[in-house]
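Residue numbering restarts at 1 for every chain, and letters A, B, ... go by the order of the sequence lines. A quick note: this is a predicted structure, and the numbers were derived from the prediction, not measured.
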There are 2 protein chains.
Amino acid sequence: MLDLAILGLLAEQELHGYEIRRRLRDELGLFVNISFGSLYPALSRLEAAGAVTAVAAAPDVAIPATGSLGGERAVLRARRATSGRSTKRSRKVYRITDAGLALFERLLEDDGTSTDDARTFGLRLAFAHHLAPQARLRLLERRRAQLVRRLASDRARVAGTTLDVYVRSLAEHSTEATEHDISWLDRLIESERRALAAAAPTTPSDHRLDRHPATH
Amino acid sequence: MLDLAILGLLAEQELHGYEIRRRLRDELGLFVNISFGSLYPALSRLEAAGAVTAVAAAPDVAIPATGSLGGERAVLRARRATSGRSTKRSRKVYRITDAGLALFERLLEDDGTSTDDARTFGLRLAFAHHLAPQARLRLLERRRAQLVRRLASDRARVAGTTLDVYVRSLAEHSTEATEHDISWLDRLIESERRALAAAAPTTPSDHRLDRHPATH
DNA sequence: CGTCGATATATCGATGTGATATATCGTCCT
DNA sequence: AGGACGATATATCACATCGATATATCGACG
């Protein structure tokens with residue numbers, strides 16, 4: 001679960017542990033508030049598995065050529081770091097390997113029956129730009145189906161003989177929240193479908209299209 | 001966290017492990033989907049701590065005189081069980097002790113800085129009828145304040161330089177969900193305030209009222 | 001000049017999950 | 001008749017994650 005988060009960040013740029021945590025907190029802190037107690041062991045685990053390698057401590061923070069991720073503040077930090085002529089306490093900078101990239105893509109797509117967690121879905125969506133359009137659509141639809149199932153069982157529960165006021169209120173609110181989630185997903189799905197139709201209007205009935213997309 | 005759940009159920013009625021899990025799943029399965037791998041150890045833990053005691057396996061399932069909790073199906077199950085003249089695999093029925101009740105109340109109120117989890121709040125609210133009106137109000141207001149704080153930091157994040165479409169959508173949706181939660185809490189708080197005012201209209205300015213409420 | 005807060009890595013215990021093992025009983029299919 | 005299957009029931013394992021804590025370095029601020 002946080003393997004996915006770590007690999008997703010490292011797929012864009014080399015980073016050290018503390019910085020990984022900071023980015024997860026600042027940029028998608030909605031779900032993940034990863035603790036060091038899980039981060040460092042996870043990095044060791046990934047290193048042992050050959051998914052990442054520790055490279056020499058970078059003397060200065062690489063200004064992200066990838067753009068998109070927290071530009072200004074990163075520059076400020078880099079300036080401070082270089083001016084101070086300090087590496088703080090020696091950092092271990094990690095780089096993702098080919099095996100790690102493969103693992104990342106597997107974790108991203110994996111419709112694994114497991115851990116329904118909203119957090120895992122959020123993480124996958126946050127890295128959705130790494131997915132092929134069709135895979136992205138599948139991700140959204142899978143999640144939608146899951147929520148629809150939950151909604152049905154929640155409704156069944158509300159219909160049951162639960163009398164307590166608070167439990168009932170809780171159940172009703174949860175139901176509404178799920179409905180809200182679903183309509184949000186519907187909007188996303190609609191948007192993806194439109195993008196897909198606009199990109200490839202030639203072969204709309206090609207059912208093999210999503211296996212190995214020509215490019216992206 | 002599931003100590004709270006277990007004690008909350010046992011506070012109303014003696015139960016064995018499997019039944020505890022079933023009730024949690026069926027009645028407030030919104031949050032808790034407790035696994036046996038945590039339930040049984042938790043029961044042992046609570047037993048060791050003197051919060052619960054294992055009593056002799058009940059020959060028949062007690063028809064809940066407390067009402068409110070899954071009546072019909074329980075009766076059906078009880079009938080089947082007695083007709084079959086079977087206790088299935090010998091069950092351990094647990095009863096809550098005085099110490100357990102004290103612990104339960106502590107866990108219910110505990111504004112413990114820890115584990116902000118929505119699940120913990122949901123659990124507390126589900127058992128809110130065990131709380132004094134003022135404590136109930138405090139619980140709701142504490143949660144509200146917490147969500148307001150989260151909302152502020154979420155908004156700050158959205159205002160930042162996050163360019164990715166999906167991350168942005170995720171953040172916006174999360175923000176809306178939090179707003180929805182807050183307005184739900186506002187309704188609950190309003191309702192509690194009204195109930196409180198109706199119950200004790202004599203001393204509206206007594207600021208000590210919530211320390212040791214006369215009764216419940 | 002000394003303390004505080006941010007940066008940085010690491011480890012510990014407690015708690016929770018998912019998978020699996022074991023056993024008994026009722027129900028349904030053939 | 002019998003046997004497969006699912007529900008009931010308890011228990012344990014490996015593993016993931018969290019929160020707290022330890023350790024260390026540095027810049028900033030009074």
Q) Could you state the CG-C1' distance from L24(B) to dA9(D), rounded to the nearest angstrom? A) 16 Å
Q: Report yes if a side-chain nitrogen or oxygen of R91(B) is closer than 4.0 Å to either non-bridging phosphate oxygen (OP1 or OP2) of dA23(C); otherwise report no.
A: no
Q: Take atom CG of L39(B) and atom P of dT15(C), then tell me their distance rounded to the nearest Å.
A: 14 Å
Q: Round to a whole Å and report the spacing from CD1 of I20(B) to P of dT8(D).
A: 15 Å
Q | Side chain of F36(A) - closest among dT17(D), dA9(D), dT11(C) | A | dT11(C)
Q) Under 4.0 angstrom, heavy atoms only, what part of the nucleic acid is L2(B) near: base, sugar-phosphate, or nothing? A) sugar-phosphate
Q | d(CZ, R22(A); P, dA8(C)) in whole Å | A | 9 Å
Q | Salt bridge flag under 4.0 Å for residues E141(A) and R193(A) | A | yes
(Q) Can you see if the side chain of R119(A) gets near the phosphate of dA16(D) - specifically, an N or O under 4.0 Å from OP1 or OP2? (A) no
(Q) Looking only at the side chains, is there a donor atom on one of R95(B) and T53(B) sitting less than 3.5 Å from an acceptor on the other? (A) no
Q) When we call it a touch if two heavy atoms are under 4.0 Å apart, what does R21(B) touch: a base, just sugar-phosphate, or nothing? A) nothing
Q: To the nearest Å, give me how far apart CZ (R25(B)) and C1' (dA9(D)) are.
A: 13 Å
Q.
Just N and O in the side chain of Y40(A): are any of them under 4.0 Å from OP1 or OP2 of dT9(C)?
A. yes
Q: For G37(A), answer base if it contacts any base atom (sugar-phosphate contacts may also be present), sugar-phosphate if it contacts only those atoms, and nothing otherwise; contact means non-hydrogen atoms under 4.0 Å.
A: base
Q: Please work out whether the ring planes of H173(B) and H180(A) are parallel, tilted or perpendicular, with thresholds of 30° and 60°.
A: tilted
Q) Of the options R136(B), H129(B), R124(B), which is the one that meets Y166(A) in a side chain to side chain donor-acceptor pair (under 3.5 Å)? A) R136(B)
Q) Is R91(A) close enough and on-axis enough to Y18(A), meaning under 6.0 Å and within 45°, for cation-pi? A) no
**Q.** Protein-nucleotide distance (K92(A), atom NZ; dA10(C), atom P), rounded to Å
**A.** 4 Å
Q. Roughly, in whole Å, what's the span from CZ in R23(B) to P in dT8(D)?
A. 13 Å
**Q.** Interatomic distance where OH belongs to Y18(B) and C1' belongs to dT22(C) [whole Å]
**A.** 14 Å
Q) Hey, does the side chain of S38(B) come within less than 4.0 Å of dT17(C)'s phosphate (OP1/OP2), counting only N and O? A) yes
